Amino acid sequence: MKLNHSNLSTELQVFCPRRTCSYYQSLDNKITKDGTYITKNDNIARQMFYCDGGQHRFSETGYSQLFCKHGSFKEYEQAAKLSCLGVSTDGIADVLTKDPRTIATWQRSFSKKATIFHESICLMVTLTTFFLQMDELWSYLRTKRKQLWVFVGFEVETRFWINFELGSRTTFTATKLVKKINHYFKLFLLKKPFKITTDKLAAYKNAIESVLGNSHYVYLQIVKKRIKMRLITVQKKFVKGSKDDFTGKSQNTSYIERFNLTLRQRVSYLQRKSLGYCKNKSNFNHLLWINLYDYNYRHYHKSLRRPVVGQKKLRFNKRWNHRTPAMAMGVTQEALTWRLLFLAPIRVTH
Ligand SMILES: [Zn+2]
């Protein structure tokens, strides 16, 4: 499947999003367009649909949880964008002159849709590149005495942020992350071994061994030794596989470490030396999901650009084709927008 703005309605079939309807998410149901409407807060027309089986109308906002949320699409987009620039919920509320609780509700809706979107897209397509790096970032929870860790899984060649997990710095959390990643990648289909590099934390080794078992993978640990914050030695420990399996610039954890910096910039809860640390774990989770969508599907990544071939090098000619991580992964054809996320009809499967 290749997603872009124009083929949205043909690739993703519309369905009835009303939970109480007997044709909820049913495929053999006829949905027709049935006029448009404008709301008090938004003068851009919204589409209405008619569910033939249940004989009722519903709005296109029914595909996200933004129905009856008293905002315009422009405001929703602004709130989502500001969430990805390291602005706190109170800050966004101030900019948009809304109540902070309203913004928190919006963020919850965005995040839920982003979760469904990312998961169904990753499962619909067979992900084919497979150089995984994992790392963890610390933050605080509630009182500053308690630490909260974010475990992140990152595909290096496409810069695709595969998934994350919030929790303590233990094998339990790492295992949950590896399980999620394993769910997306169909490892038995791969011809080359699945490459993994992490730091020396034993939790990864335990998690990888228990989840991946006898699958075809190679694993390298980068052991860094520091004395008083100063790096003394870097040791490479090949847990599974040998030097020859890690060709090119792959014997490191640099990519994920750079990505951690990006995350710290984007997520207000992760900023260092600030008072804006997390007071509520689920808010943190929501903010990370919003950022995952923005980073993977919306934002061009500079190192993924490709030169335009077969064109004269004139001053005003386009020189680069820019790509998002999702485009590099082969999941989408162009950079997606927030509006597309809000309106994309995606079935919830449990
Ligand atoms: Zn219906």
Side-chain angles (χ1 to χ4, degrees), residues 126-138 149-165 169-171 173-182 184-265 295-296 301-306 323-326 328-330:
T126 315
L127 304 181
T128 47
T129 40
F130 31 87
F131 177 17
L132 175 71
Q133 289 193 347
M134 287 189 288
D135 200 7
E136 72 284 350
L137 295 95
W138 59 263
W149 292 81
V150 189
F151 282 68
V152 180
F154 181 72
E155 207 290 319
V156 174
E157 276 150 53
T158 55
R159 310 291 193 273
F160 195 73
W161 177 6
I162 306 164
N163 217 319
F164 65 88
E165 189 62 51
R169 201 187 187 197
T170 51
T171 308
T173 319
T175 309
K176 278 212 271 185
L177 176 66
V178 178
K179 266 187 190 161
K180 278 184 186 172
I181 293 169
N182 188 32
Y184 294 158
F185 287 84
K186 294 168 186 71
L187 286 184
F188 53 90
L189 290 174
L190 299 181
K191 289 190 186 80
K192 279 191 275 176
F194 187 69
K195 273 191 282 186
I196 307 169
T197 58
T198 66
D199 54 20
K200 64 173 180 203
L201 191 72
Y204 295 118
K205 196 174 167 234
N206 301 338
I208 290 168
E209 278 170 4
S210 68
V211 177
L212 298 184
N214 291 325
S215 324
H216 197 28
Y217 72 95
V218 286
Y219 177 33
L220 166 68
Q221 270 185 336
I222 307 288
V223 183
K224 287 184 179 168
K225 202 177 169 189
R226 286 195 174 90
I227 295 176
K228 284 187 181 170
M229 302 297 282
R230 186 168 288 199
L231 190 63
I232 305 294
T233 54
V234 179
Q235 236 181 31
K236 290 166 189 169
K237 194 176 156 199
F238 293 93
V239 180
K240 197 168 181 242
S242 67
K243 229 181 197 173
D244 308 326
D245 294 316
F246 291 88
T247 48
K249 285 182 183 172
S250 66
Q251 297 182 10
N252 57 51
T253 52
S254 322
Y255 296 98
I256 182 99
E257 277 161 33
R258 178 64 188 82
F259 177 67
N260 286 347
L261 288 181
T262 311
L263 262 193
R264 285 203 187 278
Q265 286 282 327
Y295 177 86
N296 277 343
H301 199 296
K302 204 173 172 187
S303 68
L304 293 174
R305 66 183 186 178
R306 276 180 176 161
R323 296 193 298 167
T324 61
M329 196 54 127

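Keep in mind that this is a model prediction, so the values were computed, not measured.
- In terms of heavy atoms, Arg323 sits closest to Leu304 at NE-O, 2.9 Å.
- Crowding of Gln265 atom CD: a count of heavy atoms from other residues, nucleotides or ligands under 6.0 Å not exceeding 12.
- Looking at every heavy atom in both residues, Ala207 comes nearest to Ala174 through CB-C, 3.7 Å.
- Geometrically, Lys240 engages Tyr217 in a cation-pi contact defined by less than 6.0 Å to the ring centre and at most 45° from the axis.
- For Thr197 (side chain) and Asn252 (main-chain N/O), a donor-acceptor pair under 3.5 Å exists by modelled atom type.
- Between His301 and Tyr295, the ring-plane angle classifies as perpendicular under the 30° and 60° cut-offs.
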query: Should Asp199 and Tyr204 be marked as a side chain to side chain contact (heavy atoms under 4.5 Å, CB included) after you check the CA-CA gap, both sets of side-chain angles, and the distance that decides it?
result: CA-CA 8 Å; Asp199 54 20; Tyr204 295 118; 3.3 Å; yes

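- Between the side chains of Arg258 and Thr262, at least one donor N or O lies within less than 3.5 Å of an accepting N or O.
- Between the side chain of Asn296 and the backbone N or O of Trp161, at least one donor-acceptor pair lies under 3.5 Å.
- In terms of the ring-ring contact (aromatic ring centres under 6.0 Å, His included) criterion, residue partners of Tyr184 (sequence neighbours excluded) are, by chain and number, His118.
- The two residues Glu155 and Glu157 come nearest to each other via the heavy atoms OE1-N, 3.1 Å.
- Residue-environment remark: NZ (Lys179) stays at or below the threshold of 12 foreign heavy atoms within 6.0 Å.
- Looking at every heavy atom in both residues, Gln251 comes nearest to Ile222 through O-CD1, 3.7 Å.
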Query - Working for side chain to side chain contact (heavy atoms under 4.5 Å, CB included), residues Lys224 and Leu231 - result: CA-CA 7 Å; Lys224 287 184 179 168; Leu231 190 63; 3.8 Å; yes

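- Tyr255 and Phe131 have their aromatic ring centers separated by at least 6.0 angstrom.
- Thr171 meets the side-chain contact (heavy atoms from CB on, under 4.5 Å) test with Thr175, Ala203, Asn206; sequence neighbours excluded.
- Between the side chain of Gln133 and the backbone N or O of Ile256 there is at least one donor-acceptor pair closer than 3.5 Å.
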